[in-house]
Each structure stands twice: as C-alpha cells, then as structure tokens.
Amino acid sequence: MNTDFINICLADDDEDDRLFFTDAFDELKINTKVSTFNDGVELMDFLHHPDSILPNVLFLDLNMPKKNGQECLLEIKKDEKFSDIAVAIYSTSSSEEDIELTFINGANIYIKKPNDFERLKKILSEVVTLNWQYHTSGLNKDNFLMRM
C-alpha cells in the first residue's frame, strides 16, 4: 500500500458534486489522489478490477442510477478484499431510515453533503485525517453521523 498519499474515491452521479469534491481536495493541503465515478456500477467495476489500487476512504452517494449506494455498500461489506476501505456515506439525504440502514450495513460514517464550499473543505479534511482504526473500533450511532 502506498503511504505517500491518501487514496480517495467518490461515487456520485451529480457532476457538480464531483467537481466541488475534487476542487475541495485540490485546495486542501493534504496529499491525496482522488478518483471519481458516475455511478455504482462504474465504482464496483473499478474496485473488482485486479489492477486497481483500492481506496483508503470511499465516499459513497446513496441515490445513484444503475446501482445505488446501499447496494454498493452491501457488496463492499460482503467481500473480504475490501475490509480495509473506510466507507463514508456522502448524501443529500438526512432521512433517519437512510442513516440507520447504512449504519447497520457497515458504513463507517455518514456525511450530509454541505451546500457551502468552505464547509465541504472542512468536512473532507476532517474525514481523511480521522484515525479510522480508533473511529471504527467504538463505532456507535453518535459518532457515525458527522455533524458540522
């Protein structure tokens, strides 16, 4: 595994959201490599490809065509080869049902998409610098939902 940078993936069908996301990382002073995918099928094809370098953190939108975020999350959590990927749900939804279901299905954190670029940068910076080993060891619903 490469330790020179943090490998980040985002699966989101909204082109503007993907652009804001990559622009935010461009402005942050964190050494990252960001890959984006238009939908869950593209993401899962990438993750299953034998030559792919798996992400350290995967940001997953819930509402995508072809294969939604919940379906991707379930597929990722069923496969042992993806066990080291931290999964951050990254959605406009603040539905208790969505939050509960992604928690139960094994996501590591739930982030409601901010509508402000500076807040987005703050959230992304916080998420990628989290000590994931510590964060996931005592995971409960209080620290699952990221509030800013």
Side-chain angles (χ1 to χ4, degrees), residues 5-49 52-79 82-148:
F5 59 86
I6 300 168
N7 197 13
I8 307 289
C9 285
L10 167 68
D12 194 323
D13 62 313
D14 187 303
E15 188 175 350
D16 288 338
D17 286 349
R18 289 193 309 271
L19 185 62
F20 285 134
F21 188 90
T22 55
D23 285 351
F25 274 114
D26 287 345
E27 287 192 19
L28 291 172
K29 301 295 181 227
I30 303 168
N31 196 10
T32 57
K33 178 182 181 295
V34 179
S35 304
T36 61
F37 303 91
N38 300 324
D39 58 58
V41 171
E42 252 186 44
L43 169 71
M44 296 313 299
D45 287 348
F46 169 80
L47 292 178
H48 285 297
H49 193 279
S52 292
I53 297 171
L54 296 177
N56 303 101
V57 183
L58 167 62
F59 290 83
L60 194 54
D61 184 26
L62 288 180
N63 302 309
M64 296 183 288
K66 299 181 187 175
K67 185 177 280 193
N68 69 37
Q70 287 285 7
E71 293 167 318
C72 292
L73 177 61
L74 287 171
E75 190 174 332
I76 288 164
K77 291 301 173 179
K78 273 195 264 181
D79 195 325
F82 303 136
S83 63
D84 290 338
I85 300 174
V87 179
I89 301 301
Y90 182 66
S91 180
T92 55
S93 170
S94 53
S95 147
E96 280 300 318
E97 185 181 338
D98 285 341
I99 294 166
E100 182 75 25
L101 195 54
T102 55
F103 178 75
I104 290 167
N105 288 336
N108 299 99
I109 196 164
Y110 193 103
I111 304 158
K112 185 169 182 328
K113 288 181 185 177
N115 49 12
D116 171 82
F117 190 68
E118 291 306 312
R119 283 190 59 221
L120 174 62
K121 289 193 321 189
K122 182 175 175 14
I123 287 169
L124 294 180
S125 174
E126 213 165 290
V127 169
V128 298
T129 58
L130 259 178
N131 179 339
W132 285 102
Q133 189 172 3
Y134 168 77
H135 183 80
T136 56
S137 68
L139 193 61
N140 62 49
K141 247 178 104 197
D142 293 333
N143 61 4
F144 177 66
L145 182 59
M146 183 173 228
R147 289 185 167 85
M148 287 289 188

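Note that these values count all heavy atoms, side chains included, but never hydrogens, waters or copies made by symmetry. Sequence positions, counted from 1, serve as the residue numbers for this chain.
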_Does this structure show an ion pair linking Lys122 with Glu126, if we count only N-O contacts that are shorter than 4.0 Å?_
yes
*Over all heavy atoms of both residues, which pair between Ile85 and Pro55 is shortest? Give the atoms and the distance, please.*
CG1-O, 3.4 Å
*asked:* Rounded to the nearest 0.5 Å, what separates atom OG in Ser83 from atom NZ in Lys77?
replied: 8.0 Å
*For the side chain of Ser52 and the backbone of Phe46, is there at least one donor-acceptor N/O pair under 3.5 Å apart?*
yes
*Quick one: do Lys66 and Asp39 make a salt bridge, cutoff under 4.0 Å?*
yes
*Which heavy-atom pair separates Ile99 from Ser94 by the least distance, and what is that distance?*
CD1-O, 3.9 Å
*Mind checking the CD-CZ spacing from Glu15 to Arg18? Nearest 0.5 Å is all I need.*
5.5 Å
_Just so I know, are the side chains of Ser35 and Ile8 near enough to count as touching, which here means a heavy-atom distance under 4.5 Å?_
no
*Interatomic spacing from CG in Asp14 to CZ in Phe21 - rounded to 0.5 Å*: 13.0 Å
_Less than 4.5 Å apart, side chain to side chain, heavy atoms only: is that true for Gln70 and Thr102?_
yes
*Report the distance from atom CZ of Phe59 to atom OG of Ser91, rounding to the nearest 0.5 Å.*
13.5 Å
*Using a strict 4.0 Å threshold on nitrogen-to-oxygen distance, state whether Glu75 and Lys78 make a salt bridge.*
no
*Ion pair check, Lys113 and Asp61, cut-off under 4.0 Å*: yes
_Heavy-atom donor-acceptor pair, Glu42 side chain to Asn38 backbone, under 3.5 Å_ = yes
*Test of ring centre spacing under 6.0 Å for Tyr90 and Tyr110*: no
*Please name the residue in the list Leu43, Leu124, Thr36 that meets the side-chain contact (heavy atoms from CB on, under 4.5 Å) test with Leu10.*
Thr36
*Is the shortest heavy-atom distance from the side chain of Phe25 to the side chain of Val128 under 4.5 Å?*
yes
_Crowding at CG, Asp23 (>12 non-hydrogen neighbours, <6.0 Å)_ = yes
*asked:* Has Glu71 got a side-chain atom pairing as donor or acceptor with Asn68's backbone, closer than 3.5 angstrom?
replied: yes
_By the definition side-chain contact (heavy atoms from CB on, under 4.5 Å), identify the one residue from Leu58, Val57, Leu54, Leu60 that meets it with Cys9._
Leu58
